[in-house]
Participant: 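I am attaching a structure below and will ask some questions about it afterwards.
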Amino acid sequence: MSRLNQKLILLSSFVLLMTICLQAQNYKLRYKFEKGKTYKYELKMDQEITQTAMGQEMKVSNSGSVFSKIVAENTEPAGNMSVIVSIDSGRIKSHNPMKDTTVNLSQYANKRTRMVVSPEGKLVKSEIIDTVKQGLETMGFSSRSMMQLAKLPVQDIKNGETWKVNDIDSLDMMGGKIINTMENTYTLLGTEKKLQHDCLKIGFSTDTKTNGKAKIMGMEFFIEGTGKSTGTVWFDLKAGIPVHTESDTNSEMTMATTGQQNMIIPITQSTKIAQSLLGK
Amino acid sequence: MKKYFISPLLFAALLFGGCSSHNSLIDKSIEFINEESLRPHLFYLASDSLKGRPTPSTELDKAAEYIAMKFQSAGLSPAGGSYLHSINFGKTNLGEENFLKVIKDGVSRSFEIKTDFTPLEVTASREVTGGVVFAGYGITAPEYQYDDYASVDVKGKIVLILRHEPGETDSLSVFDGIKLSEYSQVNYKVRNAIEHGAAGIMLATDPLNHSFISAQGFPWPSLSKFIPKDALPVGIIEDESLKVPVIQAGRNVINLFFGSVDSLKQIESEINRSMKPNSFLIRETEAAIKTSTRIEIKPASLVAVYHEGSDPELKNEVIILGAHYDHVGPKKQFEKDEDIIYNGADDNASGTSALIAIADAIGKSGLKTKRSILLLAFPGEEIGLMGSEYYTNHPILPLEKTAAMINIDMIGRNAPDSLYIIGASRCPELGEIVKAENGETGFLLDYSKESYLSRSDQANFLKKNVPSLFLTSGEHSDYHKVTDEASRIDFDKAAKVTRLVFRTIIRLADDSRKYKITSNKVSLF
């Protein structure tokens, strides 16, 4: 091999190496809800729930959309952001064997929850400002659930890299507590334009375990279950906000009651959600 | 030989006289039905001493004995040899030893409980070994020319069947489409498999429409860290000899039998596309299933009384009038000095009292009807229509000879001049009869609650294609509360409803028509 060939090989290797390095850009992903700014979202949902009670299996299908907003209240010196989350409006159509109903969520409009989140999206604190008489939680919708943020990596991340975040979320509900333990795996899939935003595309898979206890109408109520969510988040790196999220969740749960009536009800649930930022 | 000639006028007089006599006997019988004929029964059944009559309980037994005594004093015969028919209620716990082992192509594999398989609550306490047959959805529906068992012999074998039904998401499907029909229910599939001789049953999630492949059968507290044993519900305990091991099989089991879940999905997809079953023996395969249970039994009684018809042919047909006599018992959690008894005066001491009053009216008046009449007081309605479910699976008189069933549940509240009729859309002839007899009582008949068809005991009769109607005054603010007390009953209304029901029953019992159910689809849920 001549020296010229060796130089060409070295040069092309160097160029190739530089290309790889340039493409292997590091991203520092952080939420940056801007103080005083309002972020509006629309969530669309399709859900199917199958439950067996008293020997009979029943299927309930829910679909609808919910409009919510996040008002960035403050940013603390450490970087944690205080936001106020609330629902603006929404409508859920429920198809069940007894009858079809449409639930208008406007009565829950503007019921606020203050949440403090870290720049990585971890929930630091949650405080209900306005209580809801009928308990929005009973419908599976709470202000908090309007803001399920992907957990961003502490370290800088490159395309194709994966990070894992384990999380425990505890929700006080109906005189008891429901605990969700989540094992989240995220992968940075690249960049993509979404809703006129330049976004990072993040794939995720979450394994959830749920258990808890509550009291309803003098009966003790128990819940236990597992679930899996897979989906994608489009994240505007510059603005530090989620632009669009799609997820597909399947779960298997058991609800049990003791007291006036003893029941053990197996439930399977399949939910498809798409949540989009409204406006630029 | 002398010839006898009956003048047409005399004949008409005899005929008219006969009808007139019968009608006047009906009117005379009605006199037994008034507020005072209901009041003592209702006050007793709804008294605190019966502690809300939960199923099963000592207090419910007392209520049953009371009803039986009243039936007897009406002079009517015990049905099936006894006024009281024992039904075994109880709780089923999972026993210690449960396994699933499969030998396929000479290779043996054991599966793990909860991860790979879970027994269902209807399982037998037994071990079974046999070949494995895939039997589609496990449905036999001759009205749709669909039978998953048509081309396979499953006697002595273990069947693997899919949950739900073909065309589950197709609104045009004969199996009701978006709603789940009775054929989709696990109880139906288990019964059908046993009727075809299956020795064991494995259920699998149907992957075409359900991506989450579950191994969850029944969520047994003994397999859970968080579900307490106290949560186990009361159910009917069937004769063990009539049961077989039944398990839900998960992904790993499906993979062993079919290669992959996708492979099963393709088989299911083809069944759905063609609406033709595709059942087959899984070759070179033997499975052994053992499920074990521990059962705590506490019986309760179905109370039954019989009035034999007078027509030589029609007396073999029966009209059933039913009312449940149980309620939900006392509060389990309460504050000091709080009223804790759910008295269930309207729900359904009112209907039960009506049953007793009608028994009196029939028995004490000497009224004869062409068809026979069976009066049934059901236990277990509040825990899932169980008493009537038991009856329709173990009828005292054959269901195919049951011409009609009328159910009364909550008849003493709400507007004094209105009454709901539920089921008339399915059984229009019965609806017409009630409407005609209502000429005497003058209720405003409300047909708007057809969605309540599954809410009381008539549901189980309709499932078995017995023409049935539900009469009720409807829910109210005291429904399932401690304030559902006898003092709040509108006895005048309850008596009027009872008279309407009595007239309807007698009219049905004097009829000879076979009543139709207009819809073949038994989709109550």
Participant: Please enumerate all residues that pass side-chain hydrogen bond (donor to acceptor under 3.5 Å, both in side chains) together with B:D339, with sequence neighbours excluded.
Facilitator: none
Participant: Report which part of B:P330 has an atom under 4.5 Å of a heavy atom belonging to chain A: side chain, backbone, both, or neither.
Facilitator: backbone
Participant: With a 4.5 angstrom heavy-atom cut-off, which part of A:T254 approaches chain B: side chain, backbone, both or neither?
Facilitator: both
Participant: Given heavy-atom pairs under 4.5 angstrom as the criterion, report whether the side chain, backbone, both or neither of B:Y452 touches chain A.
Facilitator: neither
Participant: Can you name the residues that form a side-chain hydrogen bond (donor to acceptor under 3.5 Å, both in side chains) with B:Y137, not counting sequence neighbours?
Facilitator: B:E268, B:N272
Participant: Which class fits the ring pair A:Y186 and A:F204: parallel under 30°, tilted 30 to 60°, perpendicular over 60°?
Facilitator: tilted
Participant: Using non-hydrogen atoms and a 4.5 Å limit, figure out which bit of B:S211 sits close to chain A: side chain, backbone, both or neither.
Facilitator: side chain
Participant: Under 4.5 Å from any heavy atom of chain B, what part of A:S61 do you find: side chain, backbone, both or neither?
Facilitator: neither
Participant: Going by side chain to side chain contact (heavy atoms under 4.5 Å, CB included), A:W163 matches just one of A:I202, A:T187, A:N184. Which one?
Facilitator: A:I202
Participant: Below 30° counts as parallel, above 60° as perpendicular, anything between as tilted: where do the rings of B:H394 and B:Y390 land?
Facilitator: parallel
Participant: Out of A:V233, A:I157, A:L29, which residue meets the side chain to side chain contact (heavy atoms under 4.5 Å, CB included) rule with A:L152?
Facilitator: A:L29
Participant: Please indicate whether B:K91 has more than 12 foreign heavy atoms, meaning atoms of other residues, nucleotides or ligands, lying under 6.0 Å from its NZ.
Facilitator: yes
Participant: Using a cut-off of under 4.5 Å on heavy-atom pairs, state which of A:N250, A:T258, A:I223 scores highest against chain B.
Facilitator: A:N250
Participant: Side chain, backbone, both or neither: which part of B:Y188 has a heavy atom under 4.5 Å from chain A?
Facilitator: neither
Participant: Examine whether an atom of A:Q269 lies under 4.5 Å from a heavy atom of chain B, and if so say whether it belongs to the side chain, the backbone or both; otherwise answer neither.
Facilitator: neither
Participant: Name the option with the most non-hydrogen atom pairs under 4.5 Å to chain A; the candidates are B:E168, B:E450, B:H210.
Facilitator: B:E168
Participant: Picking from B:S224, B:G329, B:G235, which has the most non-hydrogen pairs under 4.5 angstrom with chain A?
Facilitator: B:S224
Participant: Given the side-chain rings of A:F222 and B:F226, with only the six-membered ring counted for Trp, is the space between their centroids under 6.0 Å?
Facilitator: no
Participant: Give, as side chain, backbone, both or neither, the part of B:Q248 having an atom under 4.5 angstrom from any heavy atom of chain A.
Facilitator: neither
